[in-house]
Every structure is written in C-alpha cells, then in structure tokens.
Peer 1: 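I am attaching a structure below and will ask some questions about it afterwards.
Order of listing sets the numbers, starting from 1, for every ligand and every atom in it. In this text, all values refer to a predicted model and were calculated from it rather than measured experimentally.
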Amino acid sequence: MRAGICAVDSALHLRPFAFVSSRAMCPTIARRVQGLKPSVTIAFMNRAKAMQRQGMDVLSFAAGEPDFDTPDLIKEAAIAALRAGQTKYMPTLGDPESRAVIAEKFTRENGIPNCTPDHIAIGAGGKHQLFVSLHCLLDDPRPGDPAQEVIIPVPAWVSYAPIAELAGGRVVEVQTSAETGFLASAEQIREAITPRSRVLILNSPSNPCGTMYSPDQLRAIAKVVADGVKTAPDLVVLSDEIYEKIAYGGIPHFSIGSVPEIAERVVTLNGLSKAYAMTGWRIGYTGTSGEFGRKFIQAMATLQGQISTNNTSFTYPSIPVALRRCGADVERMRGAFARRAELINRRLSQIPRLRNTTPTGAFYAFPDVSAYFGTTSPKGKAINSSLEMAEALLEEALVAFVPGEDFGGCGKKHLRISFACSEEQIERGLDRFGAFLATLK
Ligand code: PMP
Ligand code: GLU
C-alpha cells in the first residue's frame, strides 16, 4: 500500500522534500480512501482534456456534461447577488426561498405528497447529495454482523457503488440487459430484498443506459417495496432523477416518491447540473416526504454542517430563477438532445456488429461492442475488453468514450458515449469510431 501511494506521488511529479530520506518514511493514506475506486468518467474526461491541452485533436464524448452555456437569466441572478454582497455564510441546507421553490416543484411537478421546505436539502451537486444521503442511511456493520445491503440495478452510474461501500453498505447488483432496455423488473427487485436491505437505488432516465422506466413499471416496483417492508423494515428508495427533464422517447418521467404507500421512504435526488447546463455550479438537491423525510433532512443538516456548510452563497438566487423562469431554455436543450440522440442512433446502427439500444432520455448511447473483442488494433494492442477498446480508441483514433466495466453487470461489453456535444462533433467522432473498428484485425 505504502509503495502504491508513493508511486502515485511520483506519477504526479511531486518532488519529495529534501529531508525525507527514504521511501519507508512515506506516510500512508487512510485505508477507506486507498480502497476507493476513482471515477472512470472523471478519469477519461481528464485524460481527454490533458491530451487536448497538449494540442491533440481529441474528440471527447467522456463527460456527462451539456455543451450549452448556462442560461443568462441564471447567471444574472448570481451576479446580482454577488454585487449585492451575498457573500457570507448562509443556512446549511440552503436559503429559505430556494428550499420553498424546490418543495413546491416536488409537490406540483413530481406529485410528492407532504413535501414542505423542511423536507428539502440543497448541497454541492447531485453527487454530494448522494454522498450525504447514503451516509445518513447506512451504518458500518457491528463486528460479526452482516453489512446493510444497497440494491442497485446495473449497469448504473459509476459513483453509486463506491459511495455506498464507503458508507458501510454492501452492494447487491440486480442484473439487467439490453433485451429489457436495461430495466430491472419488479420481480427482480422482489427477489433481491432481504432482511438486510437498506437502500434501493433507482435512476430514470439512466446514466449510462439512456433508458427510462415507465410509470407502470415504477408503480410495480413501488408495490414490491411496500410489500418488502415486511422483510426489510428499514428499506428506503433513493430515486436519482437528475435527468428528469431530458426525456424525448415518449415515456413520461415519473417520480416513485409520488406513490402514497411508499412516499415517506423515498429520497428523491435532483440538481441543476444537467437540465440547466450548470455542471460547474455544483447545485444538487434532495426531497423527502412526511415524518421520516423531515427527520432525514435534519440528519442531512447535521452531516452537511460538518462537511461543506452551505453552498456558495451567491448562487442561491439562481435556483428559483432556474426552476421557475427557464422552462424555454430547458426545452431548447431537450430538443437538441433529442436530435442528437436520433443522429447518434442512426450512425451507430450503420456500424457493423454493434448492438445499440435506442436512448429515450439523458444523453448517453451505450452500444454493445463485444463483437469486436478478441481483435488487435492497428498499433498492435489486444482488444479483449471495453477498457482496452476505450484505451486504444483514445490513443489511436483520438476519440474519448468511457469504458463500461465500472457501470457494473453487462456494462463490461459496452462503451458509454455522452452525446452532450454538437452534431458536427458527433458526425466526426462516429466517422473516426467506425473507421477504427474497421481496422481491427
Ligand atoms: N446522478 C447521475 C445519474 C449522474 O449522471 C450525475 C452526473 N454527475 C449525478 C447524479 C451528479 O451530478 P452533479 O454532481 O453534477 O449534480
Ligand atoms: N455524471 C457525469 C458522468 O457520468 C459527470 C461525471 C461524474 O460525475 O461521474 O459523466
């Protein structure tokens, strides 16, 4: 372990201090972080950026980040607050107005019952809200006891499992496949529930699959959860709805937290990163319901109060502006994502031996590339996995896709392509991808 951490230091070109005489002196890093899997989406995004900085013409489809600029109205609200001197500490969970607007949004748009400003937390991005939520739900197992279980239909976003494990949970994967649109059935969820089940994570529209659960499918899962409580009394659904507004396949978005029988045990995650092109602002929020929801948000306040306190103060006025006044911007961007989805779908369907599932939401294509495993790249790299293909594609064809292994399950046969970029880039990237696959021997 020691040597590993020092090797990372040297890879980052950190110079050891002159008085450190030997490698044995190198202090260790906490085991909890040594064992933490780095985010592969962030890793490939950073690699592509580093290559671009070196002047290489890399086309990056790595980050799940809209290429649009944040709408002006949203920027103006933050600029005005900054000018007005809103630069001090604020209430930990956010300013009262933003919490009220979010509660109203969850009530009106999502149908979540008994959701008041006291049922809302605002934090530094959806990932931060996921981190805080899971740490408020999961306990480290007592010595000799089994860990609490976190049920995750896979493939799923790369951050769920590492954060769940960091919080002390044990991940129970529910396997899905392209044949069922990467959706878990209610029956599969029923089979996964045990007395140790603590959290079920759902994500619709899905990163990385680009598919969505229908309202009926989610109602069926809600019924299973309601029944499952007899077996697992502490079971909570964590519904990640960050791509809610990016739906274009005809399936309406549905919030499982609106089902009255289980509303109180659903924690709904959302944020401004995706729908409002605000990834760099770091604004995420959580909504809950009823008595447990209120208690849960108080727990989040305690934890956030020891982590990050409030978000950057002058960004709060942008939240009501985004949620109340930027519907036309959201619709413009949604329309662009819909056109890009169609384009990338068409382009992928023209490539021999690829299997693609039509995306209906979010901005990801997730083709099965496994028919090309067992080949060799023009520069002699063996391609036996998604990671090896993503590496060779980046190094030899200057196209950054994310390898599928870390999304879990059948993800290892897939590459994730974020099409939150221009149609021109999609055309060029898919030209390169098709040409690269054609050269594999
Ligand atoms: N959930 C999913 C499914 C995501 O893809 C992302 C993207 N990072 C997030 C949550 C969190 O986004 P952010 O931290 O930028 O709000
Ligand atoms: N969610 C985005 C993605 O999957 C951004 C990077 C991250 O946070 O994982 O690419």
Peer 1: Need the list: ligand 1 N/O atoms against protein N/O atoms, distance under 3.5 Å, rounded to one decimal.
Peer 2:
residue	atom	partner	partner atom	Å
ligand 1	1 (N)	D240	OD2	2.5
ligand 1	5 (O)	N207	ND2	2.7
ligand 1	5 (O)	Y243	OH	2.6
ligand 1	8 (N)	K274	NZ	3.4
ligand 1	14 (O)	G126	N	3.2
ligand 1	14 (O)	K127	N	3.0
ligand 1	14 (O)	R282	NH2	2.7
ligand 1	15 (O)	S273	OG	2.7
ligand 1	15 (O)	R282	NH1	2.8
ligand 1	16 (O)	G126	N	2.6
ligand 1	16 (O)	S273	OG	3.1

Peer 1: Taking the six-membered ring of F292 as reference, does the cationic atom of R265 (NZ for Lys, CZ for Arg) lie under 6.0 Å from its centre and within 45° of its axis?
Peer 2: no

Peer 1: List the steps, then state whether ring pair (Phe, Tyr, Trp, His ring centres under 6.0 Å) holds for F44 with F401.
Peer 2: CA-CA 8 Å; F44 267 74; F401 293 168; over 10 Å; no

Peer 1: With sequence neighbours left out, write down each residue that passes side chain to side chain contact (heavy atoms under 4.5 Å, CB included) with C410, or none if nothing qualifies.
Peer 2: P155, F182, K413, H414

Peer 1: For E424, check salt bridge (charged side-chain N to carboxylate O under 4.0 Å, His left out) against everything at least two apart and list the hits.
Peer 2: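 For E424, no residue satisfies salt bridge (charged side-chain N to carboxylate O under 4.0 Å, His left out) once neighbours in sequence are set aside.
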
Peer 1: Any non-hydrogen side-chain atom of V399 less than 4.5 Å from a side-chain atom of F436?
Peer 2: no

Peer 1: Does a donor on one side chain sit under 3.5 Å from an acceptor on the other, for E396 and S377?
Peer 2: yes

Peer 1: Does D406 reach the main-chain N or O of V158 with its side chain, forming a donor-acceptor pair under 3.5 Å?
Peer 2: no

Peer 1: Protein residues near ligand 2, heavy-atom distance below 4.0 Å?
Peer 2: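 Under the 4.0 Å cut-off, ligand 2 touches S39, T41, I42, A62, A63, G64, K127, W157, N207, K274, Y364, R416.
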
Peer 1: Do you see a donor-acceptor pair shorter than 3.5 Å between the side chains of W281 and S273?
Peer 2: no

Peer 1: Would you compute the distance between atom OG1 of T288 and atom CZ of F106 and round it to the nearest 0.5 angstrom?
Peer 2: 9.0 Å

